[in-house]
Amino acid sequence: MAELIGMQGNEIADDFKRKAAGKGRWKASWELVKANFWKLVMLNLIVLIFFVPAIVVVYFRNVYIASIGSVYPFNATVGGYPPSMLMGLAERVNLSADAMFYALLIAAGLIASIGISGAAYCIRKLIQTKGEFHFKSFLHGIKVGYLKTVLPVILFMLLMYSTFLIKDWMEIERAIDGNKAGATTAYVFIVIADVLAGIYLAWVFAIGVSYRVKLKYLFRNAFLVILGTPLQTVFMAGFTLIPVWFMFFKGFWLFLAYFIFAFLGFSFILVCWLTFTQWAVDLYVAPAVEVEKEAERSKKSGGELAEEKATDDKQRALELLAAGKSELISRPIKPINREETVQGLGKTFTRAQLAGVAETREKLAADVVAYEKEHEKDAVYVEYNRMFAEREKALTEPENKKGKKNKKISSENLLK
């Protein structure tokens with residue numbers, strides 16, 4: 001795949017540092033969702049507030065159509081009109097209502113984008129810092145991500161606006177027995193365009209709220225990442241929209257869809273999509289990840305860091321000291337005497353021969369111990385062991401009894 005331009009080192013993480021996930025990305029994200037469930041519910045309710053204008057527009061659109069239906073000639077209580085006059089009248093009312101109210105829905109998208117941009121930043125921070133969440137991050141997310149959110153939202157709303165109008169046109173043609181083939185073909189093509197453009201603009205949104213990148217590269221990079229992960233993108237797009245699929249049913253399932261969207265739907269969609277898109281982008285852009293140890297070090301003072309470094313140096317020096325101490329020099333080892341050998345056993349041997357071999361081995365072991373005790377006070381061994389004992393003491397005791405600091409020992413001057 002071609003290189004993603006303008007994204008390396010430009011990740012939007014102004015008030016947090018990304019931490020490496022010790023476990024798999026998806027498992028870590030699922031554990032974060034469980035551990036921060038009520039935070040996600042609260043965030044979902046905040047986003048829902050910004051969707052109120054869109055909900056109001058849809059509600060009054062339905063009320064408007066119902067009120068017109070109660071007085072227009074096609075009402076069952078009003079008679080005397082010829083069928084030719086009523087053909088397509090209801091469909092034209094729908095077209096008029098959709099043209100007016102869905103235009104307002106585009107304007108409502110400007111407000112909904114505020115909640116989406118703020119929630120996107122909060123969820124990215126929640127996932128990448130393993131649980132950190134603050135309301136001020138929501139406000140910061142609006143500041144840094146609104147423009148990159150409202151652009152794909154408005155473009156998608158314009159496409160959906162055209163879809164509603166073409167659908168109404170198709171219904172009118174069917175009602176009046178007009179050019180049904182042309183209207184149906186147009187509707188099929190624009191639905192396909194909705195799906196393809198929706199996936200593409202969802203990628204534009206994900207990259208836009210995650211990286212500071214120019215618009216020309218934003219649209220280019222979104223297209224390249226889709227080409228690099230086509231099957232994964234389609235699958236995750238379908239999985240992410242699970243709350244939406246429930247709205248295509250009726251009865252209990254429709255009620256369940258409303259319930260999910262009221263408490264977790266928006267958060268669920270953002271968690272799934274932003275987790276997936278970050279994984280996909282990480283395949284091509286090296287992430288600026290701060291491991292747990294570095295994150296802890298960033299919170300420590302200069303004195304604490306200096307003390308930690310000194311402890312690490314001592315530990316490293318002790319390891320080198322232990323590795324450098326030789327058993328061949330630290331204690332006496334009896335030289336090999338070719339005259340003192342253990343008699344071997346052949347393929348066949350008697351019990352007496354076996355006892356003789358065991359006795360010889362015991363005698364040699366006793367001679368080795370006796371030799372070590374006899375020569376353990378030799379100067380070469382005493383001096384060698386004293387040198388290591390002093391250095392071990394210097395590494396483990398920073399000050400002596402009189403309060404004077406011992407000589408600083410490091411891996412460079414261990415044996416000096």
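Residue numbers count from 1 along this sequence.
For residues 196-212, every residue pair satisfying the salt bridge (charged side-chain N to carboxylate O under 4.0 Å, His left out) rule, not counting sequence neighbours, is listed here: D14-R212. For the side chain to side chain donor-acceptor pair (under 3.5 Å) condition, no pair includes a residue of residues 184-193, sequence neighbours left out. The side chain to side chain donor-acceptor pair (under 3.5 Å) analysis of residues 224-241, with sequence neighbours excluded, yields the pairs W203-T233, T229-T233.
We find that E11 and R124 are joined by a salt bridge, their nearest charged nitrogen and carboxylate oxygen being less than 4.0 Å apart. Salt bridge K125/D15: present, at least one basic N to carboxylate O contact under 4.0 Å.
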ring-ring contact (aromatic ring centres under 6.0 Å, His included) assessment of F164 paired with Y102: CA-CA 8 Å; F164 289 131; Y102 286 145; 4.2 Å; yes
message: side chain to side chain contact (heavy atoms under 4.5 Å, CB included) for L139 and K143? Distances and angles first, verdict last.
response: CA-CA 7 Å; L139 301 177; K143 178 182 177 182; over 6 Å; no
Intermediate values then yes/no, side chain to side chain contact (heavy atoms under 4.5 Å, CB included), L215 and K148: CA-CA 9 Å; L215 284 180; K148 299 294 179 61; 4.2 Å; yes
- request: Decide yes or no on side chain to side chain contact (heavy atoms under 4.5 Å, CB included) for Y371 and V368, but give the supporting numbers first.
  value: CA-CA 5 Å; Y371 183 88; V368 169; 5.8 Å; no
Verdict with reasoning, Q278 to L274, per side chain to side chain contact (heavy atoms under 4.5 Å, CB included): CA-CA 6 Å; Q278 190 65 70; L274 292 176; over 6 Å; no
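Formation of a donor-acceptor pair under 3.5 Å by the Y146 side chain with backbone atoms of G141 is not found in this model. Between the side chain of K180 and the main chain of E171, no donor-acceptor pair closer than 3.5 Å is present. Side chain of W273 to backbone of A202: a donor-acceptor contact under 3.5 angstrom is found. Without hydrogens or angle criteria, S67 side chain to Y64 main chain gives a donor-acceptor distance under 3.5 Å. Looking at S117, its side chain does come within 3.5 Å of a backbone N or O of S113 through a donor-acceptor pair.
Using a 30° and 60° split on the angle between ring planes, Y121 and H140 fall in the perpendicular class, above 60°. Below 30°, between 30° and 60°, or above 60°: for Y200 and F223 the angle between ring planes is above 60°, a perpendicular geometry. Between F249 and F246, the two ring planes are tilted [angle within 30° to 60°].
Residues L4 and L224 meet the side-chain proximity criterion, which asks for heavy atoms closer than 4.5 Å. When side chains are defined from C-beta on, N62 does not count as touching F101, because their heavy atoms never get closer than 4.5 Å.
Taking the salt bridge (Lys or Arg N to Asp or Glu O under 4.0 Å) definition, one finds that D194 meets it with nothing, sequence neighbours left out. For D168, there are no salt bridge (Lys or Arg N to Asp or Glu O under 4.0 Å) partners two or more places apart in sequence or in a different chain.
Note: I123 CD1 to S137 OG = 12.0 Å, rounded to the nearest 0.5 Å. Going from atom CD1 of I106 over to atom CD1 of I154 covers 7.0 Å, rounded to the nearest 0.5 Å.
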Would you be so kind as to tabulate the donor-acceptor pairs closer than 3.5 Å made by side chains of residues 37-58, with sequence neighbours excluded?
| from | atom 1 | to | atom 2 | distance (Å) |
| --- | --- | --- | --- | --- |
| K39 | NZ | N36 | OD1 | 3.3 |
| K39 | NZ | G131 | O | 3.1 |
| N44 | OD1 | G265 | N | 3.3 |
| N44 | OD1 | F266 | N | 2.7 |
| N44 | OD1 | S267 | N | 3.1 |
| N44 | ND2 | F261 | O | 2.9 |
| N44 | ND2 | A262 | O | 3.1 |

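Contact record, G109 with V153: O-CG1, 4.0 Å, taken as the closest heavy-atom pair. Scanning all heavy atoms of the two residues, the minimum distance from A237 to I199 falls at CB-CG1, 4.3 Å. Considering every non-hydrogen atom in both C272 and F239, the closest pair reads SG-CE2, 3.7 Å. Taking all atoms of both residues into account, the shortest heavy-atom contact from V204 to A222 is CG2-CB, 3.7 Å.
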